[in-house]
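Source: prediction; values computed, not measured. Lettering of chains follows the sequences in order, A, B, ..., and the numbering in each one begins at 1.
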Amino acid sequence: MSERRVVTRFAPSPTGYLHIGGARTALFNYLYAKKYGGRFILRIEDTDTARNSEEASEAILSSLKWMGLDWDDGPFYQSRRLDIYRKYAEKLLSEKKAYRCFCTAERLEAQRAGKRADGGFWAYDRLCHSLDEAESRARADSGEKYVIRFSIPDGGAVSFNDMVHGVLNFQNDVLDDFIIIKSDGMPTYNFAVAVDDHEMGVTHVIRGDDHVSNTPKQLLIFGALGVEAPGYGHVPMILGQDKTKLSKRHGATSLGWYEEAGFIREAAVNYLALLGWSLDDKTEFFTLAELIDKFSESRFGRTPAVFDIKKLEYFNQSHLKTMEIGVRSELVYNYAKKYIPELKIDEKYDDLEYFKSVTAIAGDRLRLLGDIKNYAWFMFTDEFSYPAELRDKIIKDHGAEAAARALRQMAEIIEGVGEFSPADLESVLRNAKIENLNFSKLVFLLRSSLSAQTVSPGIFEVMYTLGRARSLERIKRLAAAIEVHSAQ
RNA sequence: GCCCCCUUCGUCUAGCGGCCCAGGACAUCGCCCUUUCAAGGCGGCGGCGCGGGUCCGAAUCCCGCAGGGGGCGCCA
């Protein structure tokens, strides 16, 4: 085999959004090309006029971009390359490696239904196989509808060395004369793929296991065309929890869904790469650059993988953690603005710099981008009231008067703190003697007043970020709320 | 019905004849740390589908079985 510069491709059909399996296929092809300094091309297989959609095509492109998988060439649309497929089909026709078939879909469908009843498999009966060339041409010229079928060579077999499965063999006689050009002039999948992979100089094809049975057909076409076939690698499927091929009924399978759910590309790429591929027995944290560096076709797995969102979440948190705060906060900011409409952000806090300080105090807590809402919604608005349950719990634990007094005393102390820093605030409160309450209790009251909840980032950092005025206002407000309530 | 692929903890996986009475990670459970929640540390639970071979020795090789998955369109 000649030494050629590696060329891989991702060739989705625009009939829906980019799903998990497709995303992984794209990733693998991208990594393989980049690893070997080759090109990664994008081809849109839109030969099904009934099911294509412009939106799907756009969605796929945008998901690919979201993942950071930039293609070097394309996108090429098969629907705009019809003359090319026609040319190759004519060539096969003239060499008697393909023939016109005038059988109606109705006739074949009836036949197929019959066979299915007693057995279940069906193959074209080759009725038009031996049609006289003159007659065939005449019927075609007269406007009769026809398809072009590939003539499977009698006997023989095809075999190829798969990158993940090793040598695979297929007997020709299990194949029937499949259609390569439909009656509407469009090429069928197996034909267009072979023609394009050849035309575009594709050297390696990495795709899902579900394509192994298509491979012999494509190989036969390469053979008939007299051109070299690319190498293949059939990676195992990605399964749903029920261990069947991942599909819409498994729920969230589109990449777009994950973006909206607050996952970041670094995690998606990292996790997907590990479904059907691994480096060794311990390394599992990878950036895209590291994947390109370490990727190897010899490390493909052979067993189907069940998609586990829990592990994806873990990777999301891991990547978020290692990210520079500026980058992370920008992701959080953009996500919040776009996908968390219920997060109330007062105009004066709608600012990237401010988000950066809030994201910073949220620390390692974010698992998904949207978690910022749970941990810090109270940092973005001053207009909230304290939940009755929280107020009642405080009254129950401390008594209304004592709690209010403690809060007011803390306010007084905080008001007088010289340097308003997390460390100073903490040390002052740690040493304060207030209502005989220990530090932990004081912190609980503080947290309640500042965040209106019982869970929050480090409370002194919250206070520092809120600033003296906002903090004091909240502490006094809670005290007042308790007093008013108990007075009733 | 035919063809093809696959089979290690619940899940993702390492393992390619002795280093494995099977290692890592997620999940889960417990403990520690601790101002809450996370994070982190430590520990527990948990697996080689079954049956035959081959070999001094098998998760690793061979055969059979069972199970699972994929494909068999004028869909891709």
At under 4.0 Å, does any side-chain N or O of [X] touch on OP1 or OP2 of [N]?
X       : N      : value
K243(A) : U11(B) : yes
S440(A) : U34(B) : no
K310(A) : A25(B) : no
R207(A) : C5(B)  : no
R51(A)  : A76(B) : no
Y189(A) : A76(B) : no
R149(A) : G73(B) : no
H165(A) : C6(B)  : yes
T15(A)  : C75(B) : no
K182(A) : C75(B) : yes

Choose from [options] the nucleotide whose nearest atom is closest to any side-chain atom of [X].
X       : options                : answer
R367(A) : G71(B), A27(B), C4(B)  : A27(B)
R302(A) : A27(B), C6(B), U11(B)  : C6(B)
I179(A) : C74(B), C26(B), A76(B) : C74(B)
T303(A) : C12(B), C6(B), C4(B)   : C6(B)
T47(A)  : U35(B), A76(B), C3(B)  : A76(B)
Q317(A) : A38(B), U35(B), G23(B) : A38(B)
M237(A) : U36(B), C74(B), G70(B) : G70(B)
V174(A) : C3(B), A25(B), A76(B)  : C3(B)

Please report the distance, rounded to the nearest Å, between [atom1] in [X] and [atom2] in [N].
X       : N      : atom1 : atom2 : answer
I20(A)  : C12(B) : CD1   : C1'   : 15 Å
D176(A) : G73(B) : CG    : C1'   : 10 Å
D364(A) : U34(B) : CG    : P     : 18 Å
N172(A) : C2(B)  : CG    : P     : 20 Å
L219(A) : C4(B)  : CG    : C1'   : 14 Å
D209(A) : C6(B)  : CG    : P     : 8 Å
R447(A) : U34(B) : CZ    : C1'   : 11 Å
I148(A) : C74(B) : CD1   : C1'   : 12 Å

query: For H165(A) and D209(A), does a side-chain donor sit closer than 3.5 Å to a side-chain acceptor?
result: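 Distance-only check passes for H165(A) and D209(A).
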- prompt: How far apart are the closest heavy atoms of E284(A) and L274(A), and which atoms are they?
  reply: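 So the two residues come closest at O-CD2, 3.4 Å.
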- request: Quick one: closest heavy-atom pair of R51(A) and T15(A), and the distance?
  value: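 Looking at all heavy atoms of both residues, the shortest contact is O-CG2, 3.6 Å.
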At 4.0 Å (heavy atoms only), tell me whether [X] reaches a base, stays on the sugar-phosphate, or touches nothing.
X       : result
S278(A) : sugar-phosphate
I181(A) : nothing
D281(A) : base
K245(A) : sugar-phosphate

- request: Please determine which of N316(A), L369(A), L320(A) meets the side-chain contact (heavy atoms from CB on, under 4.5 Å) test together with F263(A).
  value: N316(A)
message: Exactly one of F307(A), F286(A), Y314(A) should register a side-chain contact (heavy atoms from CB on, under 4.5 Å) with Y271(A). Which one does?
response: F307(A)
Under 3.5 Å, is there an N or O donor on one side and an acceptor on the other linking the side chain of [X] and the base of [N]?
X       : N      : value
R365(A) : C37(B) : yes
D371(A) : A38(B) : no
K311(A) : A25(B) : yes

message: Does the structure place the NZ or CZ of R43(A) under 6.0 Å from the centre of the six-membered ring of Y77(A), at an angle of no more than 45° from the ring's axis?
response: no
- request: Flag this pair as yes if the NZ/CZ of K217(A) is under 6.0 angstrom from the six-membered ring centre of F178(A) and inside a 45 degree cone about the axis; otherwise no.
  value: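 Yes - K217(A) lies over the ring of F178(A), closer than 6.0 Å to its centre and within 45° of its axis.
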What distance, rounded to whole Å, do you find between the two [atom1] atoms, one in [N] and one in [M]?
N      : M      : atom1 : value
A59(B) : C6(B)  : C1'   : 16 Å
C29(B) : G10(B) : C1'   : 14 Å
A39(B) : G30(B) : P     : 15 Å
G15(B) : G71(B) : P     : 28 Å
G47(B) : U13(B) : C1'   : 12 Å
G23(B) : C45(B) : P     : 11 Å
C9(B)  : A14(B) : C1'   : 13 Å
A66(B) : C50(B) : P     : 16 Å

Pairing partner (Watson-Crick or G-U wobble, both distances under 3.5 angstrom) of [N]:
N      : result
C2(B)  : G71(B)
U7(B)  : A66(B)
C61(B) : G53(B)

- prompt: In this structure, are over 12 heavy atoms from other groups packed under 6.0 Å from R126(A) atom CZ?
  reply: yes
- prompt: For Y464(A), does the OH atom have more than 12 heavy-atom neighbours from other residues, nucleotides or ligands under 6.0 Å away?
  reply: no
